[in-house]
Number of protein chains: 2
Amino acid sequence: MKLLHHPDRKDLQLASVLYALSDPIRLYVVSEIRKHGEQACNSFKVPIAKSTMSHHARTLREAGVVYTRAQGTQRIMSLRTDDLNERFPGLLDSVLQAYDSSEQPELFTEQEEGLE
Amino acid sequence: MKLLHHPDRKDLQLASVLYALSDPIRLYVVSEIRKHGEQACNSFKVPIAKSTMSHHARTLREAGVVYTRAQGTQRIMSLRTDDLNERFPGLLDSVLQAYDSSEQPELFTEQEEGLE
DNA sequence: TCAATTGTTCGTAAGTAATCGAACTATTAA
DNA sequence: TTAATAGTTCGATTACTTACGAACAATTGA
């Protein structure tokens with residue numbers, strides 16, 4: 001498969017990173033990776049089509065928020081914690097701290113409950 | 001004039017704040033307010049029409065990043081530091097620290113130099 | 001080889017965002 | 001009252017974003 005492009009650490013742009021993190025689904029994805037470690041795209045229980053998830057994964061990757069590697073047919077995403085902390089100290093922590101304390105983590109995962 | 005709407009502290013949304021901060025002009029405006037204190041909209045040397053600045057000011061205000069009050073014909077913007085720190089501890093600091101250390105503060109202010 | 005799994009890419013549609021200039025409002029100063 | 005100043009709002013344009021399903025590609029397993 002074609003190589004996935006990842007920006008160099010020095011090329012990370014603050015505005016792009018903030019933009020990538022300004023979407024509820026992407027925030028959720030990043031928070032889940034932070035909590036449970038690297039994840040394949042299909043591990044997130046979000047109510048969107050796989051092509052849409054692919055788009056979000058690409059947005060996060062191209063902003064430099066996640067590193068994506070191929071493993072079999074899966075794409076495993078991990079947080080570029082070191083790069084982000086080096087370039088934007090404290091940013092990732094404060095965003096995820098804010099997310100986990102103010103959003104409902106079950107926003108997507110438990111939305112199927114009680115529907116039948 | 002009609003009252004400007006400002007969201008309550010409790011209603012601040014992380015994704016909205018991150019989005020408001022994900023634009024180069026808005027980042028610059030916020031950074032300038034942080035460095036020099038409250039500012040009127042016309043104090044920013046940015047290469048955009050005043051209607052566009054009005055739009056950015058509104059985006060920042062509606063996300064809860066700035067508080068805007070009328071003073072004569074001016075709109076004075078100040079950072080909602082306390083509200084932001086209460087809801088999203090460390091976020092504003094890390095964003096502005098990252099901005100000031102990685103962007104060129106003269107991005108807009110000095111772009112006219114050497115053009116004649 | 002064939003089918004299933006996982007994800008990407010493409011085409012499309014709907015919605016949103018950034019930008020401008022023109023017209024407007026409100027305030028201040030002459 | 002008139003003019004200048006500071007912003008807002010409106011309409012239009014252009015561009016981007018999110019979203020979907022269909023088609024495709026790559027890998028794995030039967």
Side-chain angles (χ1 to χ4, degrees), chain A residues 1-6 13-30 32-33 38-78 107-108 111, chain B residues 1-6 13 15-30 32-33 36 38-78 107-108 111:
Chain A
M1 65 163 289
K2 64 178 68 59
L3 287 190
L4 296 173
H5 177 254
H6 292 83
Q13 295 295 313
L14 177 61
S16 302
V17 169
L18 293 175
Y19 180 78
L21 295 175
S22 73
D23 176 272
I25 288 180
R26 293 193 294 261
L27 268 177
Y28 171 75
V29 165
V30 169
E32 287 296 298
I33 297 175
E38 57 179 24
Q39 306 267 321
C41 290
N42 70 330
S43 71
F44 304 103
K45 301 303 184 303
V46 288
I48 56 174
K50 64 179 181 174
S51 57
T52 304
M53 172 57 82
S54 187
H55 154 75
H56 285 304
R58 178 176 175 162
T59 299
L60 288 170
R61 174 173 53 78
E62 293 186 342
V65 176
V66 303
Y67 179 79
T68 304
R69 71 174 207 276
Q71 183 176 78
T73 62
Q74 295 186 313
R75 302 293 177 273
I76 309 291
M77 288 190 285
S78 54
L107 186 56
F108 303 114
Q111 68 172 6
Chain B
M1 69 162 288
K2 65 176 68 58
L3 287 188
L4 298 172
H5 178 254
H6 292 83
Q13 295 295 314
S16 302
V17 168
L18 293 174
Y19 179 77
L21 295 175
S22 72
D23 176 272
I25 288 180
R26 293 193 295 261
L27 268 177
Y28 171 75
V29 164
V30 169
E32 287 295 298
I33 297 176
H36 305 118
E38 56 179 24
Q39 305 267 323
C41 291
N42 70 331
S43 71
F44 304 103
K45 303 303 185 300
V46 288
I48 58 175
K50 63 179 182 173
S51 57
T52 304
M53 173 55 82
S54 187
H55 155 73
H56 285 305
R58 178 177 176 161
T59 300
L60 288 169
R61 174 172 54 77
E62 293 186 342
V65 176
V66 303
Y67 179 80
T68 304
R69 69 173 206 278
Q71 183 176 79
T73 62
Q74 295 186 312
R75 301 293 176 273
I76 310 290
M77 288 191 285
S78 54
L107 185 56
F108 303 115
Q111 68 172 5

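Only a predicted model underlies this, so the values are computations on that prediction, with no experimental measurement involved. Every chain is numbered from 1, with letters handed out A, B, ... down the list of sequences.
- If you measure from atom CD1 of B/I76 to atom P of C/dT27, you get 14 Å, rounded to the nearest angstrom.
- For the segment residues 48-59 of chain B, the set of residues with a heavy atom within less than 4.0 Å of an atom of DNA chain D comprises B/K50, B/S51, B/S54, B/R58, in numerical order.
- One interatomic measurement links the two molecules: CZ of A/R69 to C1' of C/dG7, which rounds to 15 Å at whole-angstrom precision.
- Rounded to an integer number of Å, the gap from A/N42 CG to C/dT6 P is 5 Å.
- With sequence neighbours excluded, the residues forming a side chain to side chain donor-acceptor pair (under 3.5 Å) with B/S43 are B/Q39, listed by chain and number.
- Side-chain N/O atoms of A/Y19 include one lying less than 4.0 angstrom from OP1 or OP2 on D/dT18.
- OP1 or OP2 of D/dT18 lies within a sub-4.0 Å distance of a side-chain N or O belonging to A/R26.
- The CG-P distance, from B/L4 to D/dG7, rounds to 12 Å in whole Å.
- Between the CG atom in A/D23 and the CG atom in A/L60 there is a gap of 8.5 Å [rounded to 0.5 Å].
- When rounded to the nearest whole Å, the span between CD of A/Q71 and P of C/dT5 equals 18 Å.
- Taking CE of B/M53 as the reference point, atom CD1 of B/I25 lies at 6.5 Å (rounded to 0.5 Å).
- With sequence neighbours excluded, the residues that form a ring-ring contact (aromatic ring centres under 6.0 Å, His included) with B/Y67 are B/H6.
- Distance B/D23 CG to C/dA17 P: 12 Å, rounded to the nearest Å.
- Minimum interatomic distance between B/V66 and B/A57 (heavy atoms only, all atoms of both residues): CG2-O, 4.3 Å.
- Here the closest heavy-atom approach between residue B/S78 and residue B/E38 is recorded as CB-CB, 4.0 Å.
- In this structure, B/Q74 places its CD atom 16 Å from C1' of C/dT25, rounding to the nearest Å.
- Note: CD1 (A/I25) to P (D/dC20) measures 8 Å, nearest angstrom.
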